[in-house]
Amino acid sequence: MSASVRTRFAPSPTGDLHIGGLRTALFQWAFVQANGGQIVLRIEDTDRDRYAEGSIESIYEGLRWLGIEWDEGPDVGGPHGPYVQSGRLDRYHAAAAELRARGRAYHCFCPPERLARLRKDQEADRQPTGYDGRCRDIPVAVAEGRARSEPSAVRFRMDRSGVTTLSDLIRGRVTFENALQDDFVILKSGGFPTYHLAMLVDDHEMEITHVIRAEEWLASAPRHLQLYEAMGWSPPRFAHLPLLVDSAGRKLSKRDGDVAALDYRDRGYLPEAMLNFLAFLGWSLDDKTSHISRTEFARVFSLDRVVPNPAFFDTDRLDALNGHYIRSMPSALWRETVATWLDRDLPRDAPRPLDPVLVATLAPLLQERIVRLDELAGLVRFLFDDLPDYPTSLLVERIGGDVELALRALDAALDAVEGVDAVAWGPATVEAALRSLQDTLALKLRKFVSVLYVAVMGAPRGIPLFESVALLGRERTLARLRAAREQLT
RNA sequence: GGCGCGUUCGUCUAGAGGCCCAGGACGCCGCCCUUUCAAGGCGGAGAUCGCGGGUUCGAAUCCCGCACGCGCUACCA
């Protein structure tokens, strides 16, 4: 029996759920699933200035989108609540007091201006930046007195001798020189804790055994380790995941856009695709597997197989995955999906509700032609709308600019379509008529059909022609062929 | 500047001394199929494993140095 593990996803409600955060949560979730254990969702809202309305909902939604469930959290409850840090202030104060009682923390009265100047001077002198310890040796009795009337923060007294060594589950041993550490703030003057104190208290109380977080936290690990030591608590295991980076190799940030997890959902990416994409960013199963189901991932995931180097967030790959999962959707589900997205994206004046028979006809034609769901409407719009203007050059683009051939094709098509009886109109008769053009023009269909595609749909690519024409109807088809003809002359 | 982490095809990665003159996937290119476009099938190009030393009969794999990239360096997380 393997010991039960507990990990936590601890996002800050400072904006929409970030794609990097989603990857972290996914790995935590898979880790817990694979090892038998629980995952705790904890909202870290200790930064009052950056709090963003609605971000907690965005977090819930983003996680559930990928099928990530948590065992304890603000919405589902649990024995270690509250699960929002702003509701746990008394515990942080108690811990800070305990640390002060043990001589491991002290009041700091340095105003922000002094700290800013200090940092500036240190930078100018090319010295390492960090707190200079000005308030460290104020006698406790004096400090206690001042703290009652003066604003103060509480700093942790780092042990500056020797080294602190972290045994990271992904990177192995990482050693930090303690002399290079400074006394950092654990309790802000406003009474809120910093991340360091809050995670110490919460992870301990919530019995977290594994802290899985991104590499940006690696440098602060010695602080956390010393904090645990000072409290006499045994620290959890740490695993620092590789960063997700942009094409320039920088940490993916909100400035780059395209990092809000739910935006991907709204642009028509399937959760299966996103899960696969994220799963293989920094992790792999073996030398063969390139697709994995959610349940399989949750079964085989292992931190041993997470690599330490950063991964580029390559959306080409995401697109390929999405196309793959779209194509593998069962037809009934696919039909429903098409209906939903067409309803969402088709112009308002298209008839609603959409004709289910029409959707059923369209769906299979669309399934292997798109990569994102938001492309759906664009491919069938020509059935509902008048054709928007298209450049004339589009008509002859694929036939080497041969205007004369295009004209002949259009004329022949006009004849052929006119020859189809309105009563007999349908995919079969349309196909027969259009195929006969091969004989009239003494040319393979593929040598000139692109002209007809453009004339009918306004684009050189799209769903198959015969079906399109059948769906469009006789009169509208004739009108579009004539319009194309006119445009060419 | 300091500290830390990282470095295998364009990209994500496999690789834990000989199976590797390096495997898979995405992307790219070509052919086939075909009513355009896709999809599908088949094939191809693509990595002197960052550089330089060493250890070893043998190194992508171990050691040392260097370079480069990134992260952190807040009373943000």
Side-chain angles (χ1 to χ4, degrees), chain A residues 10-12 14 44-47 49-50 108 110-112 115-116 119 122-123 125-131 151-155 166 168 171 174-177 180-182 184-190 192-196 198-199 213-222 240 242-243 245 247-251 277 280-291 305 307-314 316-321 323-324 327 365-371 379 398 431 434-435 437-438 444-446 448-454 457 459-468:
Chain A
S12 300
T14 54
E44 310 219 318
D45 60 343
T46 56
D47 186 348
D49 299 332
R50 291 203 305 159
C108 172
C110 296
L115 266 13
R119 185 163 43 245
Q122 288 167 333
E123 276 164 11
D125 295 347
R126 309 187 115 194
Q127 291 297 331
T129 55
Y131 185 59
S152 68
V154 176
R155 287 182 186 272
L166 165 73
D168 188 84
R171 280 149 226 280
V174 183
T175 300
F176 301 85
E177 195 78 44
L180 270 9
Q181 301 288 331
D182 72 336
F184 56 95
V185 170
I186 54 176
L187 207 55
K188 307 178 211 176
S189 57
F192 272 72
T194 59
Y195 169 85
H196 311 296
M199 76 130 253
R213 52 163 37 168
E215 195 199 325
E216 54 194 331
W217 289 105
L218 187 57
S220 55
H240 290 92
L243 249 23
V245 300
S247 57
R250 303 253 164 68
K251 181 170 90 168
F277 180 55
F280 290 104
L281 241 31
W283 173 87
S284 66
L285 179 59
D286 51 34
D287 61 340
K288 292 265 181 293
T289 311
S290 50
H291 295 87
R305 298 201 55 85
V307 296
N309 46 299
F312 170 50
F313 190 83
D314 180 12
D316 273 355
R317 191 179 161 72
L318 213 209
D319 284 347
L321 250 9
H324 171 88
R327 271 168 259 132
L365 305 177
L366 292 163
Q367 192 160 12
E368 43 193 41
R369 264 169 259 263
I370 62 155
V371 129
L379 282 182
R398 304 236 166 144
E431 174 165 1
L434 258 15
R435 277 203 190 280
L437 296 187
Q438 296 193 105
K444 286 277 197 191
L445 208 48
R446 40 194 297 229
F448 61 86
V449 266
S450 70
V451 179
L452 306 183
Y453 272 90
V454 175
M457 322 195 288
R461 51 155 309 186
I463 59 175
L465 183 66
F466 308 144
E467 286 86 344
S468 299

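Both backbone and side-chain heavy atoms feed into the values below; hydrogens, waters and symmetry mates do not. Quick caveat: nothing in here was measured; it's all calculated off a predicted structure. Just so we're on the same page: letters track the sequence lines, and every chain starts at 1.
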Presence of [X] side-chain N/O under 4.0 Å of [N] phosphate oxygens OP1/OP2:
{"X": "A:K251", "N": "B:C72", "answer": "yes"}
{"X": "A:T46", "N": "B:A77", "answer": "yes"}
{"X": "A:K444", "N": "B:U35", "answer": "no"}
{"X": "A:S220", "N": "B:C72", "answer": "no"}
{"X": "A:R327", "N": "B:A38", "answer": "no"}
{"X": "A:R461", "N": "B:U36", "answer": "no"}
{"X": "A:R119", "N": "B:U73", "answer": "no"}

Once side-chain contact (heavy atoms from CB on, under 4.5 Å) is applied, do any residues pair with [X], and if so which ones, sequence neighbours excluded?
{"X": "A:D286", "value": "A:K288, A:T289"}
{"X": "A:A153", "value": "A:V185"}
{"X": "A:P128", "value": "none"}
{"X": "A:L379", "value": "A:L366, A:R369, A:I370"}

Taking only residues two or more places apart in sequence, or in another chain, which ones meet [X] in a ring-ring contact (aromatic ring centres under 6.0 Å, His included)?
{"X": "A:F448", "value": "none"}
{"X": "A:F466", "value": "none"}
{"X": "A:F192", "value": "none"}

Original post:
Which residue lies toward the 5' end of RNA chain B, A:P460 or A:P111, if each is placed at its nearest nucleotide?
Top reply: A:P460

Original post:
Starting at the 5' end of RNA chain B, which residue's closest nucleotide do you reach first, A:C108 or A:V245?
Top reply: A:V245

Assign [X] to base, sugar-phosphate, or nothing according to its heavy-atom contacts below 4.0 angstrom with the strands shown.
{"X": "A:P151", "result": "nothing"}
{"X": "A:S284", "result": "sugar-phosphate"}
{"X": "A:V154", "result": "nothing"}
{"X": "A:Q438", "result": "nothing"}
{"X": "A:G462", "result": "base"}
{"X": "A:A153", "result": "base"}
{"X": "A:C110", "result": "base"}
{"X": "A:G282", "result": "sugar-phosphate"}

Provide the distance between the two [atom1] atoms, one in [N] and one in [M], to the nearest whole Å.
{"N": "B:C21", "M": "B:U73", "atom1": "P", "value": "45 Å"}
{"N": "B:A60", "M": "B:C9", "atom1": "C1'", "value": "14 Å"}
{"N": "B:U61", "M": "B:G50", "atom1": "P", "value": "8 Å"}
{"N": "B:G46", "M": "B:U11", "atom1": "C1'", "value": "12 Å"}
{"N": "B:A38", "M": "B:C29", "atom1": "P", "value": "10 Å"}
{"N": "B:A47", "M": "B:G23", "atom1": "C1'", "value": "12 Å"}

d([atom1], [X]; [atom2], [N]) in whole Å:
{"X": "A:D287", "N": "B:C12", "atom1": "CG", "atom2": "C1'", "value": "14 Å"}
{"X": "A:L365", "N": "B:U35", "atom1": "CG", "atom2": "C1'", "value": "12 Å"}
{"X": "A:D45", "N": "B:C76", "atom1": "CG", "atom2": "P", "value": "14 Å"}
{"X": "A:W217", "N": "B:A77", "atom1": "CH2", "atom2": "P", "value": "7 Å"}
{"X": "A:E216", "N": "B:G71", "atom1": "CD", "atom2": "C1'", "value": "8 Å"}
{"X": "A:L243", "N": "B:A77", "atom1": "CG", "atom2": "P", "value": "18 Å"}
{"X": "A:F466", "N": "B:C37", "atom1": "CZ", "atom2": "P", "value": "14 Å"}
{"X": "A:F312", "N": "B:C70", "atom1": "CZ", "atom2": "P", "value": "14 Å"}

Is [N] paired to anything, Watson-Crick or G-U wobble with both distances less than 3.5 Å, and if yes, which nucleotide?
{"N": "B:U7", "result": "B:A67"}
{"N": "B:A16", "result": "none"}
{"N": "B:U48", "result": "none"}
{"N": "B:G58", "result": "none"}
{"N": "B:C31", "result": "B:G41"}

Original post:
Ignoring hydrogens and angles, does a donor from either the side chain of A:R305 or the base of B:U13 sit under 3.5 Å from an acceptor on the other?
Top reply: no

**OP:** Tell whether A:R446 reaches the base of B:U34 with its side chain through a donor-acceptor pair below 3.5 angstrom.
**Re:** yes

**OP:** Would you give the length of the straight line joining atom CG of A:D47 to atom NZ of A:K188, rounded to the nearest 0.5 angstrom?
**Re:** 5.0 Å

Original post:
Hey, what do you get for CZ (A:R213) to OG (A:S220), rounding to the nearest 0.5 Å?
Top reply: 5.0 Å

Original post:
Quick one: salt bridge (charged side-chain N to carboxylate O under 4.0 Å, His left out) partners of A:D182, sequence neighbours excluded?
Top reply: A:R223

Original post:
Can you name the salt bridge (charged side-chain N to carboxylate O under 4.0 Å, His left out) partners of A:R461, sequence neighbours left out?
Top reply: none

Any protein N or O atoms within reach of nucleotides 25-31 of chain B? Criterion: under 3.5 Å, listing atom names and distances.
none

**OP:** Starting at the 5' end of nucleotides 41-52 of chain B, put B wherever the base has a protein heavy atom under 4.0 Å, S where only the sugar-phosphate does, and a dash everywhere else.
**Re:** ------------

Subject >> Protein proximity profile, nucleotides 2-8 of chain B - base contact B, sugar-phosphate-only contact S, no contact -, cut-off 4.0 Å on heavy atoms >> reply: -SSSSS-

Subject >> Close side-chain approach of A:F280 to A:R317, heavy-atom, < 4.5 Å >> reply: yes

Subject >> Contact check, side chains of A:V454 and A:P460, non-hydrogen atoms, under 4.5 Å >> reply: yes

**OP:** Identify the heavy atoms of A:L452 and A:L437 that sit nearest to each other, and give their distance.
**Re:** CD1-CD1, 3.9 Å

**OP:** Go through the steps to decide whether A:V174 and A:H240 satisfy the test side-chain contact (heavy atoms from CB on, under 4.5 Å), and finish with yes or no.
**Re:** CA-CA 11 Å; A:V174 183; A:H240 290 92; over 6 Å; no

Original post:
Can you tell which of B:C75, B:A14, B:C12 lies closest to the side chain of A:L115?
Top reply: B:C75

Subject >> Mutual orientation of the aromatic rings belonging to A:W217 and A:Y195 [parallel < 30°, tilted 30-60°, perpendicular > 60°] >> reply: parallel

